[in-house]
Each structure stands twice: as C-alpha cells, then as structure tokens.
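Start at 1 with the first residue, then count along the sequence. Order of listing sets the numbers, starting from 1, for every ligand and every atom in it.
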Amino acid sequence: MKKGLKIVTIGGGSSYTPELVEGFINRHAELPLKELWLVDVELGKEKQAIVGEMAKRMIKAANIDCEVHLTLDRREALKDADFVTTQLRVGQLDARILDERIPLSHGMIGQETNGAGGIFKALRTIPVILDIVEDMKELCPDAWLIDFTNPAGMVTEAVMRYGNWDKVVGLCNIPVNAIVEEAALLERDPEELFFQFAGINHLHWHTVVDNKGKSLTDELLKIMYGDASNSKSIVANIQENDLIFEQVQNLHMVPCPYHRYYYLTDEALKEEIEDFKNSGTRAEKVKGIEKELFELYKDENLDHKPQQLAERGGARYSDAACNIINSIYNDKRMIMTVSTKNNGTITDLPADCVVEVTSMITGNGPVPFQFGSFAPAERGLLQLMKSMELLAVEAAVTGDYGTLLQAFTMNPLITSGFVAKQVMDELLVAHKTYLPQFAEKIKEIEKATTAS
Ligand code: G6P
C-alpha cells in the first residue's frame with residue numbers, strides 16, 4: 001500500500017479548482033490523496049476562500065479521508081509535496097484584459113496565449129514559475145510539477161531550460177477535447193482510435209488511425225472542414241473551426257483550434273475587433289462567467305462541480321491533470337499529449353527544446369512517441385513559432401528589450417515595425433507591476449512618453 005499523497009495546487013483560488021477536485025475524487029481508489037493544499041496570493045484570497053470551502057464540501061460529500069488546506073504561504077504548502085500543480089494567473093483577469101485590448105486597439109490580434117498578449121503572459125508568468133521551482137528544489141525535490149498555467153509550452157520550456165528542472169509536464173485540454181469530439185464525429189469509440197499529436201502548445205497537428213491500422217485523418221478533415229455544419233470549435237473560447245477545406249485537406253493532418261489565428265488571421269481579427277468594440281473581449285466575457293461561478297460556489301449546499309464551468313475554454317483539464325498524476329504515481333503508462341523535451345521526437349526542431357507530443361506517461365514521466373519530420377506546410381510555421389517562443393522565454397528571464405522586440409518582430413500575429421514597438425512599449429508600461437525584470441527599461445519608456 002502506497003502512502004497518502006500530498007498535492008499542492010498553486011493558483012488554488014481559480015474557478016477551475018472544482019474540476020480538479022472532481023478529478024481527484026473520481027480517481028481516489030488509485031490516487032490516495034491525503035492532503036490537498038490550495039495556495040494563492042493576497043489578491044486571490046477572496047476567491048481562494050470561496051472555492052476552497054467548496055472543495056472541502058466536495059471532498060466531504062464524497063466521503064474521502066483527505067484534508068484541504070488553504071494558505072497564502074507557498075513554502076509551508078510545498079514542504080514534502082508529491083505533486084505540485086500550477087494554474088495561476090499573474091495579475092488575474094485584469095492583466096489578460098490588457099493583453100487583449102492593447103493589441104486590438106492597434107488593429108492586431110489580442111489573445112490570451114497567441115500574439116502580443118501571449119508573449120506578455122509569458123513575461124509575467126515565467127519569473128513566478130521559476131521562483132516556485134527554486135522553492136521545490138529546496139522543499140520537495142522529488143515532486144513533479146504539472147503545469148497548466150498558460151502559455152503552458154513556454155512555461156515548460158522555461159522550467160527545463162532556465163530552471164534546470166526536468167520533472168515537469170506541461171498540459172493542455174485541447175488534445176483531450178479533440179479525441180472526445182473527433183471520435184464522436186467519426187462515430188467511433190475513442191478507445192478504438194490512436195491519435196498522434198505533434199507540434200508545440202496551441203500549435204500542433206494530429207493524425208488518426210483505427211485499430212485495424214487504417215488512417216482516418218483525411219475522412220476526419222472532410223467531416224470537419226468539408227461540411228459547414230460541423231464548424232463548431234472543440235473549445236469554448238474559440239467559436240468557429242471554419243478553415244478552408246482545400247488547404248487543410250492538403251495538410252493531411254488535423255490542425256488545432258488555435259491554427260485559426262494563423263490560417264484565417266483576417267477573419268479572426270475582424271471578429272475580435274467587433275467584440276472589442278461591442279460586447280467585450282474574451283477575458284471580459286470570462287470575468288462575467290467567473291462572477292456567476294463564484295456566486296454559485298458561495299452556495300453552502302453546492303457540493304459538486306456546476307455545469308456552468310463548461311463555458312470556460314479549459315473544461316476537461318482535470319482529466320488531463322489527474323490522469324497525468326495517476327499515470328506517474330502508478331506507472332500506468334497512459335497515452336497522453338503533453339509538453340515535454342523534444343529529444344529528437346520532432347526532427348525539425350532542436351533536441352533540447354520543449355514540444356507538445358503524444359507520449360506514454362510512465363512512472364518516470366513522459367516518453368514521447370517518435371514523430372519524425374513534418375511536410376513544409378507545417379514545418380515552416382512550426383520552426384518560426386518555436387524560435388519565436390525561445391526568444392520570448394529568453395526575454396522573460398533576462399528582461400532584455402532587444403530580445404523581446406525580436407520575438408515581436410517574428411510573431412506572424414504582430415504587425416512589424418514601429419507599431420509593434422509601440423504596442424510592446426504600451427504593454428510593458430501597463431504591466432509594470434508584474435514585470436520587475438524590465439523595470440529600468442519601463443522607467444525609460446515612461447520618461448520618454450512624458451517628455452514627448
Ligand atoms: C483553451 C485552452 C486553454 C485556455 C482556455 C481559455 O481551452 O486550451 O489553455 O486557458 O482555452 O479559456 P477561457 O475560458 O479562459 O477563455
């Protein structure tokens with residue numbers, strides 16, 4: 001009999017916490033969770049208290065012998081942890097609103113994990129995650145870090161490259177959703193199918209074969225993109241999946257929902273600008289959904305995850321998080337798609353960078369399935385975006401302005417030249433509380449702006 005587990009969730013006040021708790025409850029026979037520590041910061045204290053009480057009620061209703069601790073003291077929580085999960089959002093949704101609104105006000109995509117907004121989310125998040133890793137080295141050196149904090153690929157890259165911590169798995173719900181939804185479109189049982197994903201977080205492609213070895217990828221592309229009635233996206237934060245059939249057919253791989261920003265940039269931008277002017281950006285909508293969720297969580301009679309959580313784009317992530325923990329803890333060798341070190345899996349990318357690939361999750365972490373090389377259509381975009389990520393991660397760690405500007409210049413969702421530099425400067429100033437690594441440069445920008 002294995003000992004009881006201590007799991008620490010940083011960003012424990014998130015509205016997603018009930019999903020995670022539900023996942024632990026459903027797997028309790030295999031995952032003997034004994035202590036769940038929900039950690040947050042002063043700014044998230046109120047949410048942490050509400051969702052923390054809800055978590056306690058859920059555990060009690062499930063009749064599980066597990067203590068739920070709520071704390072603002074991260075180090076106290078991390079002591080002797082077995083698994084640490086991160087789902088924090090530095091600066092909360094207000095920071096995301098700025099990531100979306102500032103680029104949009106200059107006619108560029110404003111998005112949580114892509115374009116200028118995604119880069120700035122990385123700049124705010126990476127130093128905090130690297131601090132957590134330093135604490136882990138001291139307080140729970142055997143623990144695994146399961147990162148759900150976005151941009152998950154860049155965060156995982158930073159942890160491995162600059163934190164020198166290899167016991168990290170970056171995860172995302174997109175592959176989980178794709179398997180469920182696309183198997184349904186194919187009218188097949190997901191258990192009969194093998195989906196192989198390769199790429200980087202929020203920019204991967206996949207193939208599907210059945211248990212007789214027959215490829216179903218082209219058939220799936222036809223169902224998804226050849227029939228307009230199937231154009232609903234598999235995640236709540238992206239409405240449409242209406243790519244040009246002839247183009248995706250030619251890929252012979254299924255793109256992920258975020259490809260819409262790259263393959264249909266003008267359309268996506270037009271819609272975002274429309275929302276920006278009229279109904280509000282995605283983060284502003286999410287704020288409304290969150291408000292409603294926290295009102296529900298306050299109800300002392302509520303002891304299970306409410307249906308309304310499905311309106312968030314990250315729905316089903318508990319399946320990913322809990323399956324990974326279960327698979328590592330019990331060496332279950334489940335097949336899942338995660339951000340992990342490339343090590344030659346995708347031959348088009350450096351061996352030491354992080355990729356998002358289908359892997360077997362063993363007791364020793366993910367072992368990726370070999371993928372090989374992409375055709376030029378995918379390879380070009382992938383190499384560009386991975387290089388862009390490497391620069392953004394480096395800038396997050398060093399606070400170097402030139403490196404950041406280089407990432408901006410390369411990103412296909414950011415208009416080049418002086419407008420890009422202006423957007424970057426505006427974002428630096430707007431987020432200055434959370435960007436200590438750029439403090440000197442931000443002062444300079446502010447001084448120059450006041451002088452002009
Ligand atoms: C998708 C992505 C997540 C992201 C979420 C945003 O599901 O995979 O990484 O966090 O969408 O959803 P939201 O409801 O916050 O817009």
I need the atoms of ligand 1 closer than 4.0 Å to a non-hydrogen atom of [X], numbered in the order shown.
{"X": "Y258", "result": "1 (C), 2 (C), 11 (O)"}
{"X": "R96", "result": "13 (P), 15 (O), 16 (O)"}
{"X": "C172", "result": "8 (O)"}
{"X": "V286", "result": "13 (P), 14 (O), 15 (O), 16 (O)"}
{"X": "R282", "result": "13 (P), 14 (O), 16 (O)"}
{"X": "V235", "result": "7 (O)"}

Check your understanding: Taking atom OG1 of T9 and atom NE2 of H69, what is their separation to the nearest 0.5 Å?
Key -> 12.5 Å
Study note, to complete from the structure: Rounding to 0.5 Å, atoms CG (N177) and SG (C256) come to a distance of 11.5 Å
How far is [atom] from its nearest protein heavy atom, and which residue and atom name does that atom have?
{"atom": "atom 7 (O) of ligand 1", "result": "G313 O, 2.2 Å"}
{"atom": "atom 6 (C) of ligand 1", "result": "E112 OE1, 3.4 Å"}
{"atom": "atom 11 (O) of ligand 1", "result": "N237 OD1, 3.0 Å"}
{"atom": "atom 8 (O) of ligand 1", "result": "N173 OD1, 2.6 Å"}

Check your understanding: Does N364 CG have over 12 foreign heavy atoms under 6.0 Å away?
Key -> no
Point to revise | Any G314 heavy atom less than 4.0 Å to ligand 1 | key: yes
Point to revise | K285 heavy atom under 4.0 Å from ligand 1 | key: no
I need the contact type for [X] against ligand 1. Using non-hydrogen atoms and a strict under-4.0 Å cut-off, is it side chain, backbone, both or neither?
{"X": "F148", "value": "neither"}
{"X": "R312", "value": "both"}
{"X": "K287", "value": "neither"}

Exercise for review: Given ring-ring contact (aromatic ring centres under 6.0 Å, His included), test F374 with W205 step by step and report yes or no.
Suggested key: CA-CA 10 Å; F374 278 103; W205 297 261; 5.3 Å; yes
Review point. Given L171, N150, N177, which has its nearest heavy atom closest to atom 4 (C) of ligand 1?
Key: N150
Exercise for review: Decide whether T113 and N150 meet the rule of one side-chain donor and one side-chain acceptor closer than 3.5 Å.
Suggested key: no
Check your understanding: Cut-off 3.5 Å, side chains only: do E240 and S231 have a donor facing an acceptor?
Key -> yes
Practice item. Keeping to residues at least two apart or across chains, list the salt bridge (Lys or Arg N to Asp or Glu O under 4.0 Å) pairs with something in residues 172-181. Key: E181-R316
Exercise for review: Hey, could you give me each pair passing ring-ring contact (aromatic ring centres under 6.0 Å, His included) that has a residue in residues 262-283? Not counting sequence neighbours.
Suggested key: H259-Y263
Practice item. Taking only Lys NZ, Arg NE, NH1 and NH2, and the carboxylate oxygens of Asp or Glu, determine whether D303 and K56 approach each other closer than 4.0 Å. Key: no
**Study point:** Contact check: I174 vs ligand 1, nitrogen or oxygen atoms, below 3.5 angstrom
**Key:** no
Practice item. Have a look at K386 and tell me which of E356, E157, E378 forms a salt bridge (Lys or Arg N to Asp or Glu O under 4.0 Å) with it. Key: E157
